[in-house]
Amino acid sequence: MSFSNLKSLIKTLRQQKTLADERSLIQRESAAIRTAFREEDHFMRHANVAKLIYIHMLGYPAHFGQIECLKLAASSKFSDKRLGYLGIMLLLDESQEVLTLVTNSLKNDMNHPNMYVVGLALATFANISSEEMARDLAQEVEKLLSSNNSYIRKKAALCAMRTVRKLPELHTYYINPAKSLLSDRNHGVLLCAVTLVTHIALAEPSTQTELKKAIPLLIRNLKTLITQGYSPEHDVSGITDPFLQIKILQLLRLLCINDAESSEMVNDILAQVATNTDNSKNVGNSILYEAVLTILDIEAESGLRVMAINILGKFLGNKDNNIRYVALNTLNKVVGMDTQAVQRHRNIIIDCLRDGDVSIRRRALELSYALINQSNVKVLTRELLSFLEVSDNEFKNGLTAQISFAAERFAPNKRWHIDTILRMLKVAGNYVREEVLSAFIRLVSHTPELQAYTVQKLYSSLLKDVSQEALTLAGVWMIGEFGEVLLANSSFEDEDRVVDVSEKSIVDLLESINVSPYASTIIRQYVLVAAAKLSMRFGKSFSESQDKLRTLITMYETSPELELQQRSIEFTQLLGMPTLVDGVLERMPPPEIRTSMLGGTASESKPVGSTRSAAQDSSLVDIMGEDAGGAASVPSAGVTGNAHDLLADIFGTGSPAPETAAGAQSQKSSVNDIMGLFGQQTQQPEQKPTGYTAYDANGLLIVLTPSVDTSKGNIVNIKATFTCTGLVECENVSFQAAVPKSMKLQMQPISNSTVSPAKGEQQLMRVMAQPGSHVRLRLRISFTVSGRQVQNQVDFSEFPSNLL
């Protein structure tokens, strides 16, 4: 049976008990509607289309009603037109050929004397317009922008905005009417006009010079809004039309960026907005936030910038979590612009570290890193250490790295530096990175006057707690290396208690660490090394301590852990060779100092096990889709060998690259080695090729610098430069690339998988393509920043088309 109207259909559908019953009912009703359409039942067409739209909203097929919607839209009755256009917007889209039949109906209705019919036509056009339809009806929309009816002008402005978004070249039709609408008295029309002008400026930046002529008019409109009295029609919580104020501020920001003259024009009105807007309500805060963004983006005066940052500081004291979050997020972006102004709000930023909202704590933590300098390093580091004690585990890895970085960079003296790292190891030793521990050991090795103090502190800490891995590793290493320094004083004071030290107590501590449930394989390896070294530090005469140390060394000779077994056997054999043991187990020289991954200095050797490079990810397979031809697999930074051997089969070259000669040839860079795949490279004079930004987000900037190989014109050498744009380093950076099938790609590993703020990293690529072709790359970037994993894929085609 067919239902007479939509209401009865909905009622019956709601009575169905199962999905199968509902599906069966829909199928029967759809069949009845199709029959009615074939019989040209004009009286039931309106009800049938209404039922069909409802069926479509439930997710069932309704495409067979498209023509009937067109017929309703062509009707002279407003109710039929309204339902017909609603059906067209729901059942059709710009990719369907049926849409061409709608163009004439829309054109006629745009010239209809009834403003509501015109509004229906404009709304439909804006929602389903194809590019062809947009070109056909652009002039009609332009005429309606100058209509005497404010309702039509508003609808036409929104329709023009959607058209410009789809086809930016059509802005020529709308730019002059849009500027005229900026002087409209109707707030709704003015709001839509500002939105249209904003989209034109974004879609066609070349129009911004002309649109800047409207800045005085925008300023006048904004001043009227903030100075006029109570307006019941536009009042929202005591503020006149906040939506229009925000739109005007956004447009002013867009037009004044990088323009000192325009920025000077808006300085006064921005100051008035910032001082006259009530911040007790959320509506006022939204306007203030937009004003702050405008001030910070344009060439504003320094005093105005300080006022903007102070507004953000007030936001931090708001009870609303959303307001505090956006304030912290914005301060993170501007802290490099005026650090001193942000420093005034340091206390309240630190208070945000104790907020219950994890997102606020994360943003406050990032901002705290950026605020650390020479003058406040002690205060902020103490606060960060306090936060470290109560923070979630997800924060601890990045937090310990940043504390170490700050201490290394701004420490007032080495004693404070060592105390800070020791406290950090006690609190979060299981979340300390390898580089942090390496830097600490390097620091102690280069500070002989504090070695006794450090080893005593570590010894005392291990007597209390051996559950923190990094603390245990540092303590065992120091005790093994400086055991005789520890024994120089039979007792010392630590935290108002006296700690006694003897050979027996040291050996007992090593034994307790070795059998501890927290002892990992790496810790036991350190214990074996310490035991071997202490056997020399304690003297060669037989004693109970010597006996225990040898027992500790030999107990792993049959261990299933290969590394432990090997060390145990080697040390046992070594201790039986008096002529060798002294030289092998003597104190290690201080590690060589170099630039560290934390931004300061570090040793060449790492005390903890090596870290696997993030660049060992598999190659990009089919990353370019069916067009993919060359996807480079990047070996880890630690892999050595001839890159030609790894990639020769890819390019079909059978002969190996020639060996480099001794002497000056041995200093040849790895880029020349891998480039040997395509023939001998000749020395070229140094040039400074142009760099192109391939990625700039989440604190990481990647710039690609191409240079054409002069010996082979079909080869492009590309240097990828990685730079950390924030103060938080980017870890586990993986950079992969692919090229179309017509090209071939070869890559070297990244110089370092951790990009620090103080030191950029590089990766080299080589693309072989046909002369005249445009080099295109698809890039896959993944890295970790502040404990958050970031993954992005980017299509890059910014190289000049005439590069080859």
Side-chain angles (χ1 to χ4, degrees), residues 400 421-422 424-426 428-445 451 454-487 503 505-538 545 548-557 559-572 574-575 581 584-591 602-611:
T400 54
I421 301 301
L422 285 174
M424 183 184 72
L425 294 177
K426 294 177 185 178
N430 292 326
Y431 298 92
V432 174
R433 289 175 41 204
E434 172 188 348
E435 293 81 12
V436 174
L437 188 57
S438 176
F440 175 63
I441 290 178
R442 180 261 308 160
L443 171 67
V444 178
S445 298
Q451 288 172 356
T454 306
V455 73
Q456 288 174 357
K457 286 286 186 180
L458 285 168
Y459 176 79
S460 176
S461 299
L462 289 180
L463 290 176
K464 301 175 186 176
D465 181 18
V466 294
S467 64
Q468 303 297 316
E469 183 179 25
L471 177 67
T472 305
L473 290 175
V476 172
W477 194 92
M478 295 289 181
I479 291 172
E481 198 67 20
F482 307 113
E484 71 280 11
V485 177
L486 182 61
L487 283 175
E503 292 186 4
S505 64
I506 295 176
V507 175
D508 290 343
L509 176 60
L510 290 181
E511 288 180 336
S512 65
I513 293 173
N514 190 55
V515 299
S516 167
Y518 303 104
S520 62
T521 301
I522 294 179
I523 290 177
R524 291 191 172 99
Q525 292 172 17
Y526 273 54
V527 169
L528 283 179
V529 175
K533 289 199 170 189
L534 287 176
S535 65
M536 302 303 300
R537 307 287 190 269
F538 289 170
S545 298
K548 286 185 176 182
L549 288 173
R550 291 184 178 271
T551 303
L552 187 59
I553 294 172
T554 58
M555 67 183 298
Y556 288 108
E557 288 184 347
S559 172
E561 292 284 348
L562 183 60
E563 182 69 24
L564 288 174
Q565 183 188 101
Q566 181 177 348
R567 292 194 184 204
S568 178
I569 294 174
E570 288 176 351
F571 285 143
T572 301
L574 183 62
L575 292 175
V581 67
V584 174
L585 296 181
E586 67 179 356
R587 182 178 294 182
M588 290 181 63
S603 61
E604 289 288 349
S605 58
K606 297 180 180 179
V608 192
S610 62
T611 304

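This one's a predicted model, so the numbers in the text were calculated from it and none came from an experiment. Excluded from the calculations below are hydrogen atoms, water molecules and symmetry mates; all remaining heavy atoms, backbone and side chain alike, are included. Start at 1 with the first residue, then count along the sequence.
In this structure, Leu585 and Leu574 have side chains that are in contact, with non-hydrogen atoms separated by less than 4.5 Å. Glu481 has its side chain out of reach of Val444: every pair of non-hydrogen atoms, C-beta onward, lies at least 4.5 Å apart. Here the side chains of Glu570 and Val584 are not in contact, with every heavy-atom distance at 4.5 Å or above. In this structure the side chain of Leu422 reaches within 4.5 angstrom of the side chain of Phe440, judged on heavy atoms. Residues Arg567 and Val529 have side chains in contact (heavy-atom distance under 4.5 Å, counting atoms from C-beta outward). At a threshold of 4.5 Å between non-hydrogen side-chain atoms, the residues Met555 and Asn514 count as touching. Side-chain contact between Ile523 and Val466 is absent, with no heavy-atom pair separated by less than 4.5 Å.
Screening Val507, Leu510, Ile553 against Lys548 for a side-chain contact (heavy atoms from CB on, under 4.5 Å) leaves a single residue, Val507. Of the candidates Arg524, Glu561, Gln525, Arg524 is the only one forming a side-chain hydrogen bond (donor to acceptor under 3.5 Å, both in side chains) with Tyr556.
Heavy-atom minimum distance, Leu458 versus Ala474: CD1-O, 3.8 Å. The two residues Gln451 and Ser445 come nearest to each other via the heavy atoms NE2-O, 3.5 Å. When all heavy atoms of Leu473 and Leu437 are compared, the closest pair comes out as CB-CD2, 3.9 Å. Across all their heavy atoms, Ser520 and Glu469 have their closest contact at OG-OE2, 3.4 Å. For Asp465 against Leu471, the heavy-atom pair with the smallest separation is O-CD2, 4.1 Å. Here the closest heavy-atom approach between residue Gln565 and residue Ser559 is recorded as NE2-O, 3.0 Å.
Using modelled atom types, no side-chain atom of Ser438 and backbone atom of Glu434 make a donor-acceptor pair closer than 3.5 Å. Between the side chain of Ser460 and the backbone N or O of Gln456 there is no donor-acceptor pair closer than 3.5 Å.
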*Please test Met588 against Ile441 for side chain to side chain contact (heavy atoms under 4.5 Å, CB included), starting from the C-alpha separation and ending with a verdict.*
CA-CA 11 Å; Met588 290 181 63; Ile441 290 178; over 6 Å; no
_Assess the residue pair Tyr459 and Met478 against the criterion (side chain to side chain contact (heavy atoms under 4.5 Å, CB included)); give the C-alpha distance rounded to whole Å, side-chain angles, the decisive distance to 0.1 Å, and a yes or no._
CA-CA 9 Å; Tyr459 176 79; Met478 295 289 181; over 6 Å; no
*Begin from the C-alpha positions of Leu425 and Gln468 and carry the test side chain to side chain contact (heavy atoms under 4.5 Å, CB included) through to its verdict.*
CA-CA 7 Å; Leu425 294 177; Gln468 303 297 316; over 6 Å; no
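Residue Tyr518 holds its OH atom at 9.0 Å from CG of Asn430, rounded to the nearest 0.5 Å. Rounding to the nearest 0.5 angstrom, the gap separating the NZ atom in Lys533 from the CD atom in Glu484 is 10.5 Å. Between the CG atom of Leu575 and the CE atom of Met536 there is a distance of 7.5 Å, given to the nearest 0.5 Å. Put simply, CG on Leu462 and CG on Leu509 are 5.5 Å apart, with the number rounded to the nearest 0.5 Å. Taking OG1 of Thr554 as the reference point, atom CG of Leu549 lies at 10.5 Å (rounded to 0.5 Å). To the nearest 0.5 Å, the span separating OG1 on Thr400 from CD1 on Ile421 amounts to 9.0 Å.
In this structure, a donor-acceptor pair under 3.5 Å is present between the side chains of Thr572 and Glu557.
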